[in-house]
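First the structure, in the form of structure tokens, and then the observations on it.
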Amino acid sequence: QVQLVESGGGSVQAGGSLRLSCAVSSSQNSASNYCMGWFRQAPGKQREGVARFAPYDGSIWHANSVKGRFTISQDKAKNTLYLQMNSLKPEDTAMYYCAAAAGVSCETVNRGRPPYWGQGTQVTVSS
């Protein structure tokens, strides 16, 4: 069983920054054994992938819409995944979710269907 708990959301003005955290609790594996990603869903829109961190080689992926502004990272010692968000725009307003899949494969994360999800944290950016 895996538990993911997000924090760090809030309300900021355009151009501001936030850092989201996702604490990973697992009885069997450390966070470094999970492919992990950040997703977001704005009202009336489909959920979209924002960033992904692969455990086997540490490779990362960011959506084009956030590339250069957002950075995903992982602290193995703290079993925590982060999403540093800079230069925020009103269109970044959404509920942000941390998600994970056990093992080295990121297939389910890449397809937007990882088995484990956090409860979400709201990010609101005002113009």
Side-chain angles (χ1 to χ4, degrees):
Q1 187 69 22
V2 178
Q3 287 187 326
L4 306 175
V5 179
E6 302 100 331
S7 61
S11 297
V12 296
Q13 289 190 329
S17 298
L18 286 172
R19 188 176 78 158
L20 305 184
S21 300
C22 174
V24 181
S25 297
S26 171
S27 61
Q28 297 182 345
N29 295 302
S30 70
S32 61
N33 294 325
Y34 292 90
C35 181
M36 301 192 69
W38 287 99
F39 295 80
R40 68 185 181 186
Q41 187 167 21
K45 294 187 176 181
Q46 287 190 334
R47 186 177 63 204
E48 63 174 346
V50 176
R52 185 262 292 142
F53 185 97
Y56 52 90
D57 61 0
S59 64
I60 59 177
W61 168 87
H62 296 90
N64 286 336
S65 58
V66 306
K67 198 171 294 183
R69 300 187 299 120
F70 291 11
T71 303
I72 189 172
S73 63
Q74 184 187 69
D75 186 328
K76 293 181 180 181
K78 295 183 178 180
N79 274 356
T80 301
L81 183 75
Y82 300 101
L83 184 68
Q84 178 66 44
M85 306 186 296
N86 299 326
S87 301
L88 283 160
K89 303 175 181 180
E91 51 263 43
D92 294 319
T93 295
M95 184 71 79
Y96 283 71
Y97 298 91
C98 172
V104 298
S105 174
C106 285
E107 180 180 357
T108 58
V109 176
N110 292 339
R111 290 192 287 111
R113 294 180 177 275
Y116 305 112
W117 292 85
Q119 82 287 353
T121 185
Q122 177 69 37
V123 172
T124 302
V125 185
S126 58
S127 58

Which heavy atom in Gly49 sits nearest to a heavy atom in Trp61, and how many Å separate them? O-CH2, 3.7 Å

Residues which pass salt bridge (charged side-chain N to carboxylate O under 4.0 Å, His left out) with Arg111, listed by chain and number, not counting sequence neighbours: Glu107

Residue pair Val123, Arg40: steps toward the side-chain contact (heavy atoms from CB on, under 4.5 Å) verdict: CA-CA 9 Å; Val123 172; Arg40 68 185 181 186; over 6 Å; no

Quick check for you: to the nearest 0.5 Å, what is the distance between Thr71 atom OG1 and Arg19 atom CZ? 11.5 Å

Examine Met95 and Val125 and state if one hydrophobic cluster contains both, with Ile, Leu, Val, Met, Phe, Trp and Tyr joined whenever side-chain heavy atoms are less than 4.5 Å apart. no

Does any N or O in the side chain of Gln119 come within less than 3.5 Å of the main-chain N or O of Glu6, such that one atom is a donor and the other an acceptor? yes

Name the orientation class of the two ring planes belonging to Trp117 and Phe39 (parallel below 30°, tilted from 30 to 60°, perpendicular beyond 60°). tilted

Distance from Ser21 atom OG to Leu83 atom CG, nearest 0.5 Å? 9.5 Å

Rounded to the nearest 0.5 Å, what's the gap from CG on Leu88 to OG on Ser17? Could you check? 6.0 Å

For residues Met85 and Leu20, report the shortest heavy-atom separation together with the two atoms involved. CE-CG, 3.7 Å

Between the side chain of His62 and the main-chain N/O of Gly68, is any donor-acceptor distance below 3.5 Å? no

Can you tell me how far apart CZ (Arg47) and CZ (Arg113) are? Round to the nearest 0.5 Å. 8.0 Å

Please report the closest heavy-atom contact between Ala14 and Ser127, naming both atoms and the distance. CB-CA, 4.3 Å

Evaluate whether atom NZ of Lys67 has more than 12 neighbouring non-hydrogen atoms of other residues, nucleotides or ligands under 6.0 angstrom away. yes

Non-hydrogen atoms of Ala42 and Ala94 that approach each other most closely: N-CB, 3.8 Å

Could you go through Asp92 and Phe70, starting from their C-alpha distance and side-chain angles, then the distance that decides it, and tell me whether this counts as side-chain contact (heavy atoms from CB on, under 4.5 Å)? CA-CA 11 Å; Asp92 294 319; Phe70 291 11; 3.8 Å; yes

Compare all side-chain heavy atoms of Pro115 with those of Thr108 and state whether any distance is below 4.5 angstrom. yes

Group every Ile, Leu, Val, Met, Phe, Trp and Tyr by side-chain heavy-atom contacts under 4.5 Å, then state whether Val66 and Tyr97 land in the same group. no

Would you check if there is a donor-acceptor pair between the side chains of Tyr116 and Ser26 at a distance under 3.5 Å? no

What is the minimum heavy-atom distance between Cys98 and Leu4, and which atoms define it? O-CD1, 3.7 Å

Interatomic distance, Phe53 atom CZ to Ile60 atom CD1 [nearest 0.5 angstrom]: 8.0 Å

Would a hydrophobic clustering, with Ile, Leu, Val, Met, Phe, Trp and Tyr connected at side-chain separations under 4.5 Å, put Tyr82 with Trp38? no

Any donor-acceptor pair under 3.5 Å linking the side chain of Thr124 with the backbone of Thr93? no

Which heavy-atom pair separates Ala101 from Val109 by the least distance, and what is that distance? CB-CG2, 4.0 Å

Atom CD1 of Ile72 and atom CE of Met36: how far apart are they, to the nearest 0.5 Å? 8.0 Å

Taking atom CD of Gln3 as the centre, report whether more than 12 heavy atoms of other residues, nucleotides or ligands fall under 6.0 Å from it. no

Side-chain contact test, heavy atoms from C-beta onward, threshold under 4.5 Å: evaluate it for Cys106 versus Pro55 and give yes or no. yes

